There are 2 protein chains.
Amino acid sequence: MSGKNITAKQPAGKSSPFLSELTLDCVILGFHEDQLKVLLLRWRGTQEWSLPGGPIRKEESVDQAACRILKERTGLKDIFLQQFQLFGDVERYNRNEIKEKLKHLVEPEKWFERAVSVGYYALVDYPKVAPTPDAFTEECQWWGIDEIPSLLFDHNHLIKIALESLRIQLSWQPIGYKLLPEQFTLPELQRLYETILGRTLDPRNFQRKMLGLGILYRLETRRKGGAHKAPYLYRFNKQHYKAMLTKGSLFFS
Amino acid sequence: MSGKNITAKQPAGKSSPFLSELTLDCVILGFHEDQLKVLLLRWRGTQEWSLPGGPIRKEESVDQAACRILKERTGLKDIFLQQFQLFGDVERYNRNEIKEKLKHLVEPEKWFERAVSVGYYALVDYPKVAPTPDAFTEECQWWGIDEIPSLLFDHNHLIKIALESLRIQLSWQPIGYKLLPEQFTLPELQRLYETILGRTLDPRNFQRKMLGLGILYRLETRRKGGAHKAPYLYRFNKQHYKAMLTKGSLFFS
DNA sequence: GCAAAAGTGTTCGTGCTACACCCATGG
DNA sequence: CCATGGGTGTAGCACGAACACTTTTGC
């Protein structure tokens, strides 16, 4: 999280175990009740929310830092995590405003110096997440993508860019592995695509296309217990899925 | 350039005008004699080459730093510049090797601490470039993309990733504006695409496709002086080109 | 039996691919 | 006049888009 690099009570002069100029922010996306959700944190003693994130340790890689933060906030590891942009403006947000809102949490002279932040997004299986706040926050909660309040720092902007990157990725790579449970139905996958793309898709065309990619197994079993016709369950073919990730399927002309 | 953030003779303890943990590297691409070229620098007193780059000033944005470096090395401004990745590994390259190779240029205790680097690529009009070395280097020169020697730092890897990003960009956005002169012929544009994609394209299909995008004007004049049939000159329609850049033209299904 | 969701095939049009010949120019 | 590169049209095919009815299930 932008600025969280210096811990609240760190003695001046002692060298920090963290990089001081670069922080990391995570847009953690889940899918629930036909809606994309983002994991947000509420800062102690405030009604202010922000993305999970934080500083990077000097002895860990940036990717490792992203994994660590994801693990701390959700309990999950081994998840699809994608770096999408470095946010390097000098004035990414109004620092005085942040200083005012969070002054009870951090020593003002240490905080809120310029920090560049790298954005990652993660796609996770919603019910597997155990949302966990960090040292600066007292609540960690899912928010529907269309109900996000005004966030601290430049985090509304960051989410917007993350979603654009996700849509681009969707346009030439498969998505869904790790975002859906291991077994899922085609209508569920379709609703995921519809949610990310923001428009409806034709179920016949969607099925033909998806099955044609050769990255799905149809299982013997169907999902019982719904109030309607029992849909088939599917599972990703991990090998083919990964191959498709690296090679993509859209090319010039 | 990774590590160049601390100037050679900077007195210890004096605060630097640069960010110390984040540097920037530029893959500057030109197109000449049907070949993609990269601008490289040779370090003083060595036969070692690297990409242009350097530290980021505390009061400039990362994008501005990229523009500044591009300007310093080429004389050009207002150029297509694209951030493509942050390289954040702890050991991006063998630091001892670099220390040995460049020890005569920088104080070893200051140098070669961990630095994260953000990569940009730029597409420039080859003949407009005036290659200019920086303080650490004595030569600045174009290299054919297939003739690049083993470079300092992790710069061979950086170039590889830059080219992959460029190919992806090419697959859903137009390219060529700022990489070609203002007026150009369709065969020139085609050779550019072929070079980036690494395969040949059919001229009839290429023309139909390009003209169909509506981003080209055909001019009245033809290019005279070639040894053969005079080709038509074209020019990009800047408005349509930019619209195409933002909206792209490949989508899901 | 009825409401709600799942499953399935065909037609049409667009756009990509493949392919070959004539034209203009300079040497 | 010849070698070289530029310019152009067509036919086949594959893929995406549009579209409606039947089946299953729980209530």
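Remember, predicted model here, so these are calculated numbers, not experimental data. Proteins come first, then strands; the chains are lettered A, B, ... in the order of their sequence lines, and each starts at number 1.
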Specify the separation, in whole Å, of atom [atom1] of [X] and atom [atom2] of [N].
X         : N       : atom1 : atom2 : answer
Gln207(B) : dA20(C) : CD    : P     : 18 Å
Asp202(A) : dT10(C) : CG    : P     : 15 Å
Gln190(B) : dT8(D)  : CD    : P     : 13 Å
Arg204(A) : dT11(C) : CZ    : P     : 14 Å
Phe206(A) : dT8(C)  : CZ    : C1'   : 16 Å
Tyr234(A) : dA6(C)  : OH    : P     : 12 Å
Leu233(A) : dG7(C)  : CG    : P     : 9 Å
Leu213(B) : dT14(C) : CG    : P     : 17 Å

Polar atoms only, N or O, under 3.5 Å: list the protein pairs with nucleotides 25-27 of chain D and their distances.
unit_1, atom_1, unit_2, atom_2, d
dT25(D), O2, Ala227(A), O, 3.3
dG26(D), O4', Ala227(A), O, 3.0

From CD (Gln35(B)) to CD1 (Ile145(B)), nearest 0.5 Å: 8.5 Å

Ring-face cation contact, Tyr234(B) with Arg218(B), 6.0 Å cut, 45° max: no

Most 5' of Arg218(A) and Arg208(B) on DNA chain C, judged by nearest nucleotide: Arg218(A)

Sugar-phosphate, base or nothing in reach of Arg223(A), heavy atoms under 4.0 Å: nothing

Among dG9(C), dC19(C), dG7(D), the one nearest Asn205(A) by side-chain distance: dG9(C)

Contacts of type ring-ring contact (aromatic ring centres under 6.0 Å, His included), residue Tyr121(B), not counting sequence neighbours: Phe84(B)

Residues forming a ring-ring contact (aromatic ring centres under 6.0 Å, His included) with Tyr241(B), sequence neighbours excluded: Tyr177(B), Phe236(B)

dC15(D) phosphate, OP1 or OP2, under 4.0 Å from Lys209(A) side-chain N/O: no

Which atom of Val129(B) lies closest to which atom of Val124(B), heavy atoms considered: CG2-CG2, 3.7 Å

Closest non-hydrogen atom pair between His155(A) and Asp25(A), with its separation: NE2-OD1, 3.2 Å

Backbone of His240(A) reached by a side-chain donor or acceptor of Asn237(A) within 3.5 Å: yes

